[in-house]
Amino acid sequence: MDDSMKRLLQRLIRRIPTQMLRTTLDKWGRLTVAQQQSMDFTQPKWALTEQLLSMCEEHKWTVKHITELEMIYVIDNPNQGMWYAFQLMDPEDDAHSVELTQFKEQFKCHLSELVRHVSVKMKKHTDEAVWIRIAWGDSFSGPNHLKPTYVVHHLQTPYVFVTSLTSKQKPLLYQALVLATRYQAIKDANLSGRKLTDIRDLLMRQYQQVFPTKYPSPLAERNQIVSNPNIEREHAKSAENRLQMACEAFGEGMLPQLQSAVYKLETKFRDPTNKTMTEREEPFRCVVKFESTNLLESLKHCASSGISSTPVTPLLSSIPLKGRNYFVITDNVPGPSSQTHQPQN
């Protein structure tokens, strides 16, 4: 076993929480019954790592086997980094008939033609998503398995989700994906987040939406003393309207968890009391960022509770409506307009 393989296994075991290690190794299926029984998961991580290294030597396992273990852990625990969404565009006539075996062969073939040294491993998940692990190399060095890129693609859909991708690798991945999926182009969907399932649900509209209605359902009766029926009725109607508009804007039930939304302002500065700024030819530029553990739920609560005004401004309702959380606001285009958002590593 070479040093790079040892470092890969050591780093992986450090990443996996001790309480998850046994389950992950069971799913891996490489250990014998005797080896599984010999492992004491109450001992320190370094001791467990040494024991696994010894087993690797005994079985003559390669990097391929270690990356299998890594993929099992990452698929079960995808919320480890920042995910970026991309959308395939202009499908060819046979794009919707591409099946898994064909996609695997085409993707590996095209990427190998673009990169001299690259390692590609694929695994189909239970939700029909294809998980791709890419270890990049170049003309002078082999694949770096310590810094892989992960790609998730649901066949028969135009959506792709990527994490840990550099600007140098981006056009190579783009080209391989476009050719393998039978599309003609790919673009940034301007949506990112730490929870893969949630940004997928937001982009694919897989959450409970509420559509406008002239006849909203009445509020549930409250067991309370009504001091003034007319005032209580007016307050109830107002609260009901706010809740209806908040649900129409952001959805109902469990909402996808986004952590942020970014608005990049590129407009003319307008203030009659400040001629210095108003007369500038260059647009006024600034960035506004909203952050929360669950941004959509926070915005919905602000609207329904009366903290913010209703109906909800398109600047905020565009997040679920367009499935994006990065916007550029300019003078030329009314409302929020999208612009390519370069992923940062």
Side-chain angles (χ1 to χ4, degrees), residues 4-5 7-8 11 62-64 66-68 70-71 74-75 78 80-92 94-96 98-125 129-194 196 199-200 203 324 326 338-345:
S4 61
M5 184 175 167
R7 287 198 303 272
L8 179 61
R11 179 176 293 188
T62 63
V63 171
K64 173 186 174 182
I66 306 303
T67 56
E68 284 178 0
E70 182 191 276
M71 286 194 76
V74 173
I75 291 173
Q80 303 294 318
M82 186 64 71
W83 289 90
Y84 296 88
F86 299 91
Q87 183 172 353
L88 295 158
M89 301 175 64
D90 304 325
E92 298 178 7
D94 58 345
H96 297 293
V98 174
E99 48 90 29
L100 181 59
T101 303
Q102 182 183 6
F103 172 76
K104 282 183 176 181
E105 293 176 353
Q106 291 293 315
F107 183 83
K108 290 181 179 180
C109 177
H110 291 307
L111 197 60
S112 298
E113 290 176 354
L114 297 170
V115 187
R116 183 174 179 181
H117 295 112
V118 65
S119 174
V120 179
K121 187 170 184 60
M122 295 191 188
K123 185 178 179 64
K124 189 176 183 181
H125 193 35
V130 180
W131 282 72
I132 309 170
R133 182 189 189 275
I134 307 171
W136 302 90
D138 52 36
S139 301
F140 308 101
S141 59
N144 183 1
H145 286 281
L146 297 176
K147 295 181 179 180
T149 294
Y150 272 89
V151 181
V152 180
H153 174 51
H154 290 258
L155 292 177
Q156 319 309 330
T157 77
Y159 304 114
V160 180
F161 306 92
V162 184
T163 187
S164 302
L165 182 71
T166 67
S167 57
K168 181 180 179 181
Q169 299 156 356
K170 188 175 180 180
L172 303 174
L173 177 62
Y174 272 17
Q175 188 171 340
L177 281 170
V178 166
L179 294 172
T181 55
R182 298 289 195 273
Y183 281 77
Q184 298 182 34
I186 187 171
K187 70 173 184 177
D188 193 326
N190 294 305
L191 176 65
S192 62
R194 294 190 174 278
L196 172 62
I199 66 170
R200 180 204 66 191
L203 197 60
R324 298 173 180 171
Y326 181 87
S338 65
Q339 178 171 303
T340 301
H341 180 205
Q342 299 294 334
Q344 297 178 355
N345 298 295

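- Side-chain atoms of Thr149 come within 3.5 Å of backbone atoms of Ser164 as a donor-acceptor pair (strictly under, hydrogens ignored).
- Within the structure, ring pair (Phe, Tyr, Trp, His ring centres under 6.0 Å) contacts touching residues 143-165 (residues at least two apart or in different chains) are Phe103-His153.
- Counting heavy atoms from C-beta on, the side chains of Lys121 and Met71 come closer than 4.5 Å.
- Here the NZ-CD distance, from Lys104 to Gln102, works out to 13.0 Å after rounding to the nearest 0.5 Å.
- By the 4.5 Å heavy-atom criterion applied to side chains, Val152 and Val130 are not counted as neighbours.
- Thr163 contributes atom OG1, which lies 8.5 Å from atom CE of Met82 (distance to the nearest 0.5 angstrom).
- In this structure Trp83 satisfies the ring-ring contact (aromatic ring centres under 6.0 Å, His included) test together with Trp131, sequence neighbours excluded.
- Each salt bridge (charged side-chain N to carboxylate O under 4.0 Å, His left out) pair with one or both residues in residues 171-182, not counting sequence neighbours, appears once here: Asp94-Arg182.
- Note that CD1 of Ile132 and CG of Leu173 are 7.5 Å apart. Values are rounded to the nearest 0.5 Å.
- Among residues two or more places apart in sequence or in another chain, the side-chain hydrogen bond (donor to acceptor under 3.5 Å, both in side chains) test is passed with Ser4 by Asp2.
- Put simply, the residue from Leu165, Leu172, Thr166 that forms a side chain to side chain contact (heavy atoms under 4.5 Å, CB included) with Lys168 is Thr166.
- A distance of 12.5 Å separates NZ of Lys64 from CE of Met5, quoted to the nearest 0.5 Å.
- Evaluation of the salt bridge (charged side-chain N to carboxylate O under 4.0 Å, His left out) rule for Lys124 yields Glu128 as partners, not counting sequence neighbours.
- The distance from the CD atom of Gln87 to the CG atom of Asp188 is 10.5 Å, given to the nearest 0.5 Å.
- Interatomic distance, OG1 of Thr157 versus CZ of Arg200, reported as 10.0 Å (0.5 Å rounding).
- For the pair Leu146 and Arg7, the minimum side-chain heavy-atom distance is below 4.5 Å.
- Contact check on Glu68 versus Lys123 returns no salt bridge, with no Lys/Arg side-chain nitrogen under 4.0 Å from an Asp/Glu carboxylate oxygen.
- Looking only at side-chain heavy atoms (C-beta outward), Leu155 and Glu99 stay at 4.5 Å or farther from each other.
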Working for side-chain contact (heavy atoms from CB on, under 4.5 Å), residues Phe86 and Val162 = CA-CA 8 Å; Phe86 299 91; Val162 184; 3.8 Å; yes
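- Annotation: side chain to side chain contact (heavy atoms under 4.5 Å, CB included) contacts of Tyr183 (sequence neighbours excluded): Leu88, Pro91, Ala95, His96, Pro158, Thr181.
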For residues 105-120, dump all side-chain donor-acceptor pairs below 3.5 Å to protein atoms at least two apart in sequence or in another chain.
from: Gln106; atom 1: OE1; to: His110; atom 2: NE2; distance (Å): 3.0
from: Ser112; atom 1: OG; to: Lys108; atom 2: O; distance (Å): 2.7
from: His117; atom 1: ND1; to: Asp138; atom 2: O; distance (Å): 2.7
from: His117; atom 1: ND1; to: Ser141; atom 2: O; distance (Å): 3.4

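- In terms of the salt bridge (charged side-chain N to carboxylate O under 4.0 Å, His left out) criterion, residue partners of Glu70 (sequence neighbours excluded) are, by chain and number, Arg133.
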